There are 2 protein chains.
Amino acid sequence: MTQESSYKDKKVITIGVVRELTGLTERQIRYYEERKLIFPSRTSGGSRKYSFTDIELLMEIAEKIEDGVQTFEIRQEMIREKKKEDAAALRKKMLQGQINAQFGIRKI
Amino acid sequence: MTQESSYKDKKVITIGVVRELTGLTERQIRYYEERKLIFPSRTSGGSRKYSFTDIELLMEIAEKIEDGVQTFEIRQEMIREKKKEDAAALRKKMLQGQINAQFGIRKI
DNA sequence: CGTGTAAGGAATTCTGACACG
DNA sequence: CGTGTAAGGAATTCTGACACG
């Protein structure tokens with residue numbers, strides 16, 4: 001319901017276009033995948049496909065690397081952030097459950 | 001200012017992905033370009049690149065063709081619509097000019 | 001008119017490896 | 001560790017043309 005569902009997250013962009021958009025080399029882009037920082041999907045033929053969100057993420061990654069942060073550390077950060085987000089989402093969901101139990105049922 | 005500027009109009013999708021997304025054949029997609037219904041940009045190497053907007057347009061075109069509308073007619077429609085939009089945009093702009101002339105200057 | 005297809009070539013992408021520092 | 005590069009192959013895309021209806 002709150003879904004944007006849309007364009008930004010659709011994995012449709014091939015690596016060559018990502019290269020142009022980010023200024024990174026294909027080598028770098030593939031390496032960040034190898035280090036589990038980015039997760040393109042694949043075409044039936046095996047070519048990588050990225051989303052606009054992936055591209056933004058790649059640019060953040062590139063900045064951190066320039067600042068001397070190692071891929072391992074970047075990955076740790078990402079995992080921590082994800083955990084926080086998941087916990088927040090769960091709290092929100094449970095609260096909504098409470099609300100529904102109190103008021104939702106009587107809606108007739 | 002009212003610009004979405006964003007993802008939806010960026011030409012970044014190669015024809016293979018467009019094929020998957022629209023269900024059209026590459027032949028069809030290229031033919032609609034030949035008939036001036038769609039205008040992909042190109043990579044330095046010459047490959048076509050489409051936007052999400054292009055994809056939506058392609059699906060509308062495909063529907064019309066199935067309904068027996070000819071590409072020539074579709075093109076006429078598109079041109080007429082564009083003219084209408086341009087005229088509306090111009091009226092809006094001129095009205096804004098009036099408003100600015102009346103009130104904008106005294107803003108100090 | 002709109003689409004399929006075979007043809008030949010060029011651009012794109014892929015993987016695994018060696019190199020450097 | 002992060003990146004460059006040459007290697008060989010496979011998938012992708014391109015154009016112009018012939019075919020059908």
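Chain letters run A, B, ... following the sequence lines, proteins first, then strands; residues in each count from 1. From a predicted model like this one, the values you see are computed outputs, not experimental measurements.
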| field | N or O in side chain of T14(A) less than 4.0 angstrom from dT12(D) OP1/OP2 | value |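 So the side-chain polar atoms of T14(A) never come under 4.0 Å of the phosphate oxygens OP1 or OP2 of dT12(D).
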
| Distance check: side-chain N/O of R42(A) vs OP1/OP2 of dT12(D), anything under 4.0 Å? |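 No, outside the criterion.
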
[X] [atom1] to [N] [atom2]: how many Å, rounded?
{"X": "I29(A)", "N": "dT13(C)", "atom1": "CD1", "atom2": "P", "value": "10 Å"}
{"X": "E20(A)", "N": "dT13(C)", "atom1": "CD", "atom2": "C1'", "value": "14 Å"}
{"X": "I15(B)", "N": "dT15(D)", "atom1": "CD1", "atom2": "C1'", "value": "12 Å"}
{"X": "R30(B)", "N": "dA17(D)", "atom1": "CZ", "atom2": "P", "value": "15 Å"}

Output side-chain donor-acceptor pairs under 3.5 Å for residues 63-76 of chain A, partner residues at least two apart or in another chain, one line each.
from, atom 1, to, atom 2, distance (Å)
K64(A), NZ, E77(A), OE1, 3.2
T71(A), OG1, R35(A), NH1, 3.0
E73(A), OE2, Q70(A), N, 3.1

Are any of the side-chain heavy atoms of [X] and [Y] separated by less than 4.5 Å?
{"X": "L57(B)", "Y": "M78(B)", "value": "yes"}
{"X": "I99(B)", "Y": "Q102(B)", "value": "no"}
{"X": "K49(A)", "Y": "I13(A)", "value": "no"}

| request: Classify the side-chain pair T53(B)/D9(B) by whether it contains a donor and acceptor separated by less than 3.5 Å. | output: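 Short answer, yes.
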
Protein and nucleotides 2-5 of chain D: nitrogen or oxygen contacts under 3.5 angstrom:
from, atom 1, to, atom 2, distance (Å)
dG2(D), OP1, T71(A), N, 2.6
dG2(D), OP1, T71(A), OG1, 3.3
dG2(D), OP2, Y31(A), OH, 2.7
dG2(D), OP2, R35(A), NH1, 3.1
dG2(D), OP2, T71(A), OG1, 2.7
dT3(D), OP1, Q28(A), NE2, 3.0
dT3(D), OP1, Y32(A), OH, 3.1
dT3(D), OP2, Y32(A), OH, 2.7
dT3(D), O4, R27(A), NH2, 2.9
dG4(D), OP2, T25(A), OG1, 2.8
dG4(D), N7, R27(A), NE, 3.1
dG4(D), O6, R27(A), NH2, 2.9
dT5(D), O4, R27(A), NE, 3.3

| With sequence neighbours excluded, residues passing ring-ring contact (aromatic ring centres under 6.0 Å, His included) with F52(B) |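 With neighbours one apart ignored, the set is Y7(A).
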
| task | Anything below 3.5 Å on both distances counts as a pair; with that, list the stems of at least three consecutive Watson-Crick or G-U pairs involving DNA chain D. | result |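 Paired runs of 3+ in DNA chain D: C:2-5 with D:17-20, C:17-20 with D:2-5.
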
Can you name the nearest heavy-atom pair linking [X] to [Y], along with the distance?
{"X": "Y50(A)", "Y": "E33(A)", "value": "OH-OE1, 4.1 Å"}
{"X": "G16(A)", "Y": "E26(A)", "value": "CA-OE2, 4.4 Å"}
{"X": "I61(A)", "Y": "L37(A)", "value": "CD1-CB, 3.7 Å"}
{"X": "L24(A)", "Y": "A62(A)", "value": "CD2-CB, 3.7 Å"}

| Heavy-atom contacts under 4.0 Å between residues 43-52 of chain B and DNA chain D, which residues? |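 Close to the strand are G46(B), S47(B), R48(B).
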
| Hey, what else clusters with I79(B) if you join Ile, Leu, Val, Met, Phe, Trp, Tyr whenever side-chain heavy atoms sit under 4.5 Å? |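 Same cluster as I79(B): nobody, lone residue.
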
